[in-house]
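Quick note on labels: first sequence line is chain A, next is B, and so on, each numbered from 1. Excluded from the calculations below are hydrogen atoms, water molecules and symmetry mates; all remaining heavy atoms, backbone and side chain alike, are included.
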Amino acid sequence: MATRPRIGQLRLRFYQVLLLVAVLVAWHVLTAPGLLPNFYFERANRAAFFFGEPIKIAGRIVDWFVTGEIYSHLWITLVETALAFAIGSVAGLLIGLWLGLSPMASAILDPYIKAANSMPRVVLAPIFAVWFGLGMWSKVALGVTLVFFIVFFNVYQGVREVSPTILANARMLGANRRQLLSAIYLPSAMSWVFASLHNAVGLAFVGAVVGEYLGSAHGVGYLILQAETTFDINTVFAGIAVLTAFALLLDAAVTLVERRLMTWQPRAAETDRT
Amino acid sequence: MTAAPALALRDITCRFPSVDGQGTYTAVADTTLVIEAGEFVSVVGPTGCGKSTLLNVAAGLLAPSSGTVEVFGEPMAFAGEVNRRAGYMFQTDALMPWRNAIGNVTAGLEFRGVGRAEAMERGQEWLRRVGLSGFGDRYPHHLSGGMRKRLALAQTLILDPDILLMDEPFSALDVQTRQLMENELLALWAADRKSVLFITHDLEEAIALSDRVVALSAGPGTRPIGNFVIDLPRPRDVAEIRMEPGFLAFHKEIWNVMKEEVLKAYARQRAA
Ligand SMILES: Nc1ncnc2c1ncn2[C@@H]1O[C@H](COP(=O)(O)OP(=O)(O)O)[C@@H](O)[C@H]1O
Ligand SMILES: [Mg+2]
């Protein structure tokens, strides 16, 4: 990557921006009422009704941030995501460690884990709404069910694949069972948790937004839900744009955290050198 | 000498479930191996004959199918307890990749409840002794193969074990690094005369380092087929000693015993 000339990078960026602008312009031209003669819909404002208008969408986004209306919703969604991620990861880590270290328990639970993982967990949302109400916790619960399995499977696999030589070495160095857990199994499992970090955070976010969308009073998902019931397509698109940007920011934050925590990994080492 | 030997493996037999799942494979059969306190013993044998298996038994990591092990006269129980008097350098990388160099060196002290400040001080001292001072905050993946071996050596020796078990520790290194490491090992050993059980498939390495070389037969049912006392003068330089007539005579003598076994092992591997 580093060998690619700078000018190439610049040109690449230019084309990427150009593509975005082209799409936006096409969108605008095709949907602005009366700009082009109608060729598909009978009425001039129909295209705008179905596909929204980029300028109005941008206006709505600016509006949200200028009035500050969006911040409380973003905050709620962020808190739900963070809670779902934290609870799901810790639960996945603990249960993954437990089952990874206990062949008996994992053999007994194996079919049920497979079943729970193949179940489309979004269908649990109504149940969570009944259990936890329409507030934040039903969204967190949905996110947790998504995050848990990703982390759980990674940790479970990680624990069973701990190098027997590293284990034997630690035993020869005097580690007892508890020390093996804290000095070998846990760090090794943690590295697998980090490996699934992007997926886990992404799914926590999905859980939060989908939960909000299925019934809530706050959050960006709620904004979209509300706009949809009034056929306000511009606001729906504005919500989607904000969610996408937010997801990208979240992912960038995860990458930063990952860089800091995973310095010992070979991949990080190689990119350091090149 | 009437003192109990450092390590006594008596009539050791190790069987494993065979690869096809039915029956058993006898890796080691009726092997007796005694290492006196302060003695440097090498075990040579063709690849796959059961050298690592024997060493794992000596370390208490693997319970033999039959036979007993005594450590300085104490019988070993094999009930989840490893050989507390021994340090083990493994054939493959055994460093914890998530710990930096100083974290790896001090791991044993940490497990034994030594305070952090003292552990760090002794860790830095050992890094210096193996030529790695200044590399304390590097992770294993950032170190070369030779540096990782030196780190593993420091990790083992910091606990000052009475017995040192080494499983082909230098076989993955290039010739120059290897000879440097062998000389360093001899210097460290000369300083406090630990009992060493050194596994290798390299006969020259075995002769250059040891007081005694034990040759093993090819598997299955590996057993010692020769015991050679190497009375070459010390201190030795592993690069120079290879040219001496005494060394060559030992090499010829031991190779004559081993040749057939190596060919047997090779034929068996070809057939498999
Ligand atoms: N845990 C095990 N299960 C089954 N077979 C094993 C096991 N450990 C070693 N063996 C077999 O025992 C033989 C000796 O292995 P090993 O001691 O590693 O040889 P060496 O170290 O001399 O190369 C080999 O044939 C190997 O396949
Ligand atoms: Mg071996």
Portion of [X] that has a non-hydrogen atom of chain A nearer than 4.5 angstrom:
{"X": "B:F111", "result": "both"}
{"X": "B:A152", "result": "neither"}
{"X": "B:F90", "result": "side chain"}
{"X": "B:L95", "result": "backbone"}
{"X": "B:Q91", "result": "neither"}
{"X": "B:D93", "result": "backbone"}

Would you confirm whether [X], through its side chain, and [Y], through its main-chain N or O, come within 3.5 Å as a donor-acceptor pair?
{"X": "A:H73", "Y": "A:G219", "result": "yes"}
{"X": "A:D251", "Y": "A:A247", "result": "no"}
{"X": "A:S138", "Y": "A:G135", "result": "yes"}

Contact residues of residues 168-176 of chain A (partner chain B; heavy-atom separation under 4.5 angstrom):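 A:A168, A:N169, A:A170, A:R171, A:M172, A:L173, A:G174, A:A175, listed by number.
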
Chain A contacts, top residue of B:A94, B:G60, B:G87 (heavy-atom pairs, under 4.5 Å):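 Looking at each of B:A94, B:G60, B:G87 in turn, B:A94 comes out on top.
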
Choice from B:G108, B:P140, B:P97 maximising heavy atom contacts with chain A below 4.5 Å: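 Highest number of heavy-atom pairs under 4.5 Å: B:P97.
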
Residues A:E212 and A:H218: side-chain donor-acceptor under 3.5 angstrom: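 A:E212 vs A:H218: no donor-acceptor pair found between side chains.
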
Between B:E205 and B:T200, a side-chain donor and acceptor under 3.5 Å: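 Judged by distance alone, the side chains do pair up.
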
Ion pair B:R178/B:D202, N-O distance below 4.0 Å: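 Salt bridge flag = yes for B:D202 with B:R178.
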
is_close_aromatic(A:F205, A:F85), centroid dist under 6.0 Å: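 Aromatic pair excluded; centres sit 6.0 Å or further apart.
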
Would you be so kind as to tabulate the donor-acceptor pairs closer than 3.5 Å made by side chains of residues 114-124 of chain B, with sequence neighbours excluded?
| unit_1 | atom_1 | unit_2 | atom_2 | d |
| --- | --- | --- | --- | --- |
| B:E118 | OE2 | B:R122 | NH1 | 3.0 |
| B:R122 | NH2 | B:I158 | O | 3.4 |

Geometric cation-pi criterion, B:R99 with B:Y139: 6.0 Å, 45°: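 No, cation not above the ring by the 6.0 Å, 45° rule.
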
Side chain / backbone / both / neither for A:L167 at chain B, heavy atoms under 4.5 Å: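 Interface part for A:L167: neither.
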
